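Here is the structure we will look at, set down as structure tokens.
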There are 2 protein chains.
Amino acid sequence: MTIANIGVLTPRKQEILDAAKKLFSSKGYVAASMRDLAKALHIKPASLYSHYPSKDEMLWEIAIRCAKEFHEYVLPLAKEEASVVERLDRMLRAHLHMIIKNQDASAIFFDEWKHLEEPRKSEFGKQRDIYEQAFIDVINEGKAEGIFRDINARFTMFTLLSAINWVHKWYRPEGKMSLQEIEEEFSKILIGGLRVGR
Amino acid sequence: MTIANIGVLTPRKQEILDAAKKLFSSKGYVAASMRDLAKALHIKPASLYSHYPSKDEMLWEIAIRCAKEFHEYVLPLAKEEASVVERLDRMLRAHLHMIIKNQDASAIFFDEWKHLEEPRKSEFGKQRDIYEQAFIDVINEGKAEGIFRDINARFTMFTLLSAINWVHKWYRPEGKMSLQEIEEEFSKILIGGLRVGR
DNA sequence: TAAATTGCCTAACGATCGTTAGCTATAAGA
DNA sequence: TCTTATAGCTAACGATCGTTAGGCAATTTA
């Protein structure tokens, strides 16, 4: 199963998946029971099994679709015609956008996927690797051009994404900072810190 | 219960707490059962209740002690006699040290505390606030002195700590980067990005 | 119109969970 | 020597978990 050939779901299947996504991201996969999910959908727990054969299968369907969203929204930016700095900046902003606009997906993409059972967990890991590698590649480009300091690209990728990922743990839309402000600050601190020549 | 008056434990109580800390941090509090813990200690599950009245009580004892470790190791650095940049740098390095040297404590301090039941959860939150505020204060000092850019101090604290906190999810002692290398890179990227005048 | 699919139901199984009741043995302190 | 604290045990309770078996009604497809 690759991201490319993820099929379309029955409307009802989609509804159930949406409810599960919301529940898993708010309570955590382990703490959220099938009975909780059934209650949210106003059906009986056993009815869920008419649509999905197991809880793990549901988590998988959710996780792989979250991965797809991140991939499709962020990765094309790596190959646009623009400078390295500009492309990395765009990628980080897009990544931030995804996190803020789609907080449920973020929680799954960053935290809950670890509860997948094998071999799905490994399969998901491969998709994460692809995503992270795209950032590493751009950072390495910047190093080769002498624009970024001589730095471990993988380490840098972790640092950048980690700083941004945490946002979904504290950001609330009604809070004091607007999305645009957050974008600008990240761009200054993170990209700023990367550049040589200070 | 404040951090100051945390008492000393019976040797056996300490052993059990250590095993629980290890288990909770590796499997997660929810997934780690009292039966798992008993097995790790080679005793029967019911015997645990001779020492602690509940699982939540154990998590609390672990969490508040982890908080204490972070507080005592990092916070005094905020008031040393040194420049703002130097003090923030030392605090971040100390924070990183704690995470790498004490990965179990990190997992509890960052992730597992959220499973505490009220009112302990709120009480723990207060301790986290104190810890975070110390970083905010130093950043504000730097702003007042014109050394750091005009930035939301709370946001910056989150960014800095988030980037570092993630380390405990990927760092392995046998990996390629040494602690010193990690320290230097963080210092360059994070502190570097904060400073004005580029 | 007959057949197949979709969606949900009741009832329950077996497993696992945190926890309790009540007991015994050992060691240290009064 | 008596008391108290420490440290463990067996057995089991009630709750909750993911899941299954088997059936019923409505809708869609052939």
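Nothing here was measured: the structure is a model prediction, and the numbers come from that model. For the numbers below, each heavy atom of this structure counts, side chains included, while hydrogens, waters and symmetry mates do not. Below, chains carry the letters A, B, ... as their sequence lines are ordered, and counting in each starts from 1.
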Output side-chain donor-acceptor pairs under 3.5 Å for residues 63-74 of chain B, partner residues at least two apart or in another chain, one line each.
from: B/Arg65; atom 1: NH1; to: B/Glu61; atom 2: OE1; distance (Å): 2.4
from: B/Arg65; atom 1: NH2; to: B/Gly7; atom 2: O; distance (Å): 2.7
from: B/Lys68; atom 1: NZ; to: B/Glu72; atom 2: OE2; distance (Å): 3.4
from: B/Glu69; atom 1: OE1; to: B/Asn102; atom 2: ND2; distance (Å): 2.6
from: B/Glu69; atom 1: OE2; to: B/Lys21; atom 2: NZ; distance (Å): 3.4
from: B/His71; atom 1: NE2; to: B/Gln127; atom 2: O; distance (Å): 3.1

Partner residues of B/Lys121 under the salt bridge (charged side-chain N to carboxylate O under 4.0 Å, His left out) criterion, sequence neighbours left out: none

Partner residues of A/Lys114 under the salt bridge (charged side-chain N to carboxylate O under 4.0 Å, His left out) criterion, sequence neighbours left out: none

What is the separation between atom [atom1] on [X] and atom [atom2] on [N], rounded to the nearest whole Å?
X: B/Phe24; N: C/dC17; atom1: CZ; atom2: P; answer: 13 Å
X: B/Glu15; N: D/dT6; atom1: CD; atom2: P; answer: 15 Å
X: B/Leu9; N: D/dT6; atom1: CG; atom2: P; answer: 12 Å

Between the protein and nucleotides 28-30 of chain C, which nitrogen or oxygen pairs come in under 3.5 angstrom?
none

Short side-chain donor-acceptor distance under 3.5 Å, B/Glu183 and B/Ser187: no

No-hydrogen, no-angle side-chain donor-acceptor test under 3.5 Å, B/Ser162 and B/Asn165: no

Plane angle bin for B/Tyr29 and B/His115 - parallel if under 30°, tilted between 30 and 60°, otherwise perpendicular: parallel

CD (B/Glu118) with more than 12 external heavy atoms under 6.0 Å: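 Enclosed: over 12 neighbouring heavy atoms sit under 6.0 Å from CD of B/Glu118.
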
Under 3.5 Å: donor-acceptor pair, side chain of A/Asp18, backbone of A/Glu15: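 Absent.
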
Main-chain N/O of A/Val85 paired to A/Asp89 side chain as donor or acceptor, under 3.5 Å: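 Side chain of A/Asp89 to backbone of A/Val85: no pair is present.
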
Nucleic acid contacts of residues 28-43 of chain A, taken as heavy-atom distances under 4.0 Å to DNA chain D: A/Ala32, A/Ser33, A/Met34, A/Arg35

Short side-chain N/O contact to C/dC8 OP1/OP2 from A/Arg12, under 4.0 Å: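 Yes.
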
Within residues 44-54 of chain A: residues closer than 4.0 Å to DNA chain C (heavy atoms): A/Lys44, A/Ala46, A/Ser47, A/Ser50, A/His51

Ring centres under 6.0 angstrom apart (A/Phe109, A/His95): no

